[in-house]
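Order of listing sets the numbers, starting from 1, for every ligand and every atom in it. Just the heavy atoms: all of them, side chains too, but no hydrogens, waters or symmetry mates, feed the values below.
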Amino acid sequence: MKKLTSESLRQLYLNFFKEKGHKIIPSASLIPENDPSVLFTTAGMHPLVPYLLGEKHPEGTRLTDVQKCVRTGDIEDVGDPSHCTFFEMLGNWSLGDYFKKEMISWSFEFLTSEKYLGIPIEKLAVTVFEGDEDAERDTESASYWEEAGIPKDRIFYLPKKHNWWIAGNVGPCGPDTEMFIDRGTPKCSENCSPACSCGKYLEIWNDVFMQFEKKADGTYEKLKQKNVDTGMGLERTLSILNGVPTVYDTDVFDGAKAQIEELSGKKYGESEEVTKAFRIILDHVRTATFMLGDVKGISPSNVDQGYVLRRVIRRAVRYGRQLGIEQGKLSTIAVKYVEKYSGVYPELNDNKNRIIDELNKEEDKFSKTLTEGLKEFNKVITYIKGDVFPGKTAFRLFDTFGFPIEITTELASEKGFTVDVKGYEEAYKAHQEKSHAGSEQKFKGGLAEQNEVTARLHTATHLLNAALKVVLNDDNINQRGSNITVERLRFDFSFDRKLTPEELKAVEDKVNEAIKANVPVVMEEMSLEDAKNSGAVGVFTQKYGDRVKVYTMGSYSKEICGGPHAKTTGELGTFKIKKEEASSAGVRRIKAILQ
Ligand code: SER
């Protein structure tokens, strides 16, 4: 097996697929466009869902990329050897182009060829879908593996639970074939297979054959086109190739780890407790760095993405404190990540000051109350009868001391208590209109059905963007963020003062004028260069591919965008601004609805 650095593995993968006719596309933002059902991009395929469902991609039918992903479902497990909330996925896609035969032979070549990963065949095992009432047994994939040279007894048939891939509950999906490294340890039982967790088999790559769309009623509909979606976790593959025990021993963490050692005077690995704290800080600061440094940079808050960000920063602060790291130092760890990753994700360097400032601000805010809050916590548990930590007290810790409920839960469980989370949520709801519980549900949820409502709100966002430039007579107004739920749109833009009621009314009128005109929404594909020259607006701090889609609505709006959109502006109804407020320094936020 080849020993590789993260930089060389990314390059090797992308070049391999480039040679096989794929276009290399940039990583999409960590914050999904127009998908209100999840807070973050959770898989390489996530930004490509519309194309897997049949929309035409401007770069063609063969794509490859390295995608930034965040999954927070297992955040409590971070600290163990394998969990991370941020990770990178190497992936390649066929959008109705090649299928099982080509993909399996390429997977075999990339894994075993000396030119690429050089994994000896005898160390490989694969799994395929065993078949059920929804889809047939995948003997076809098995036969391609055999042809390539994988012996029959290393090809395992497994059920849907293991060999079927879907992001969330609905959307494009299909059977997959997964590739494993056999570590050569003895079988744990007669039935030992890659499905068991004894540690003999380590998953390295997943090829999904997306031919179905799972509907909300649980049925599977055949897709118009047969797609391939593959995913190889970068850190995980690096750890396997380099023979290191965990993802935290790979080169992506080297700089940050050395920095924590320097700040704390402790050594990674010196004790279990210290290692756990190191891993939590390593992971959470990296996740915060990528969230703050994203093109759609978010800030800590009490709702949605901002809440998750707040939670990872505060948890890192708490564990930093445990290691003896002084206040105000998390950002020096973040800088190590900026240095490590900027070659691949230049937005981190572009947003370096923002990352440092926001981390310092949030750390400062929490540090002020952390000690007092811990005192309060320790006092309260001395007089609790039984082992349930009251929800009301958990809310007080949040409200007064800024303890995210998850930190209280964690502290409580270390002392043998369970928190009455329901009681906490009731107390929260009683105090605030907006509970973060909404966001918790969201990130348990599945991919959005890209429905008409969000498409209309998204189309209205284009008109709003254009109307602001006209009414405020300022062409330098730039989009700084956009978020759509089924109820409303939210649009952040660069502007340095509050809008007057007259201006807001004029913006509303301008958008409604475009709606009344009922002009068609026209899409054209062109090179990025041509798009810029045509005067199309875009978020140019973001990396676009070479070819882009430009959406034009009469003379009202021309914008680079991925879609989906309404067909004509007349479908939008009536546009109404509900709120205009500051989002951060120099950035205003508008919330609006369609009636
Ligand atoms: N969607 C699959 C995964 O995330 C393959 O990319 O594993």
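In this structure, OH in Tyr341 is found 5.0 Å from CD in Glu88, a value given to the nearest 0.5 Å.
For the 3.5 Å distance criterion, the side chains of Tyr268 and Arg279 qualify, holding a donor opposite an acceptor. Residues Thr219 and Asp217 have side chains that bring a donor and an acceptor to within less than 3.5 angstrom of each other. A donor atom on one side chain and an acceptor atom on the other are not found under 3.5 Å apart for Ser141 and Thr177.
Of the heavy atoms in Thr230, only backbone atoms (N, CA, C, O) come closer than 4.0 Å to ligand 1.
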ask   = Where do Tyr13 and Trp205 land on the ring-ring contact (aromatic ring centres under 6.0 Å, His included) test, with the steps shown first?
value = CA-CA 12 Å; Tyr13 190 94; Trp205 202 358; 5.7 Å; yes
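Under a 4.0 Å criterion applied to the non-hydrogen atoms of Gly231, ligand 1 contributes the atoms 5 (C), 6 (O). Contact atoms of ligand 1 toward Val208: 2 (C), 5 (C) (distance under 4.0 Å to a heavy atom of the residue). Those atoms of ligand 1 with a heavy atom of Asp229 less than 4.0 angstrom away are 1 (N), 2 (C), 5 (C), 6 (O). Short contacts between ligand 1 and Met45, defined as distances under 4.0 Å to a heavy atom of the residue, involve ligand atoms 1 (N). Atoms of ligand 1 lying under 4.0 Å from any heavy atom of Met89, numbered from 1 in the order shown and given with element: 3 (C), 4 (O), 7 (O).
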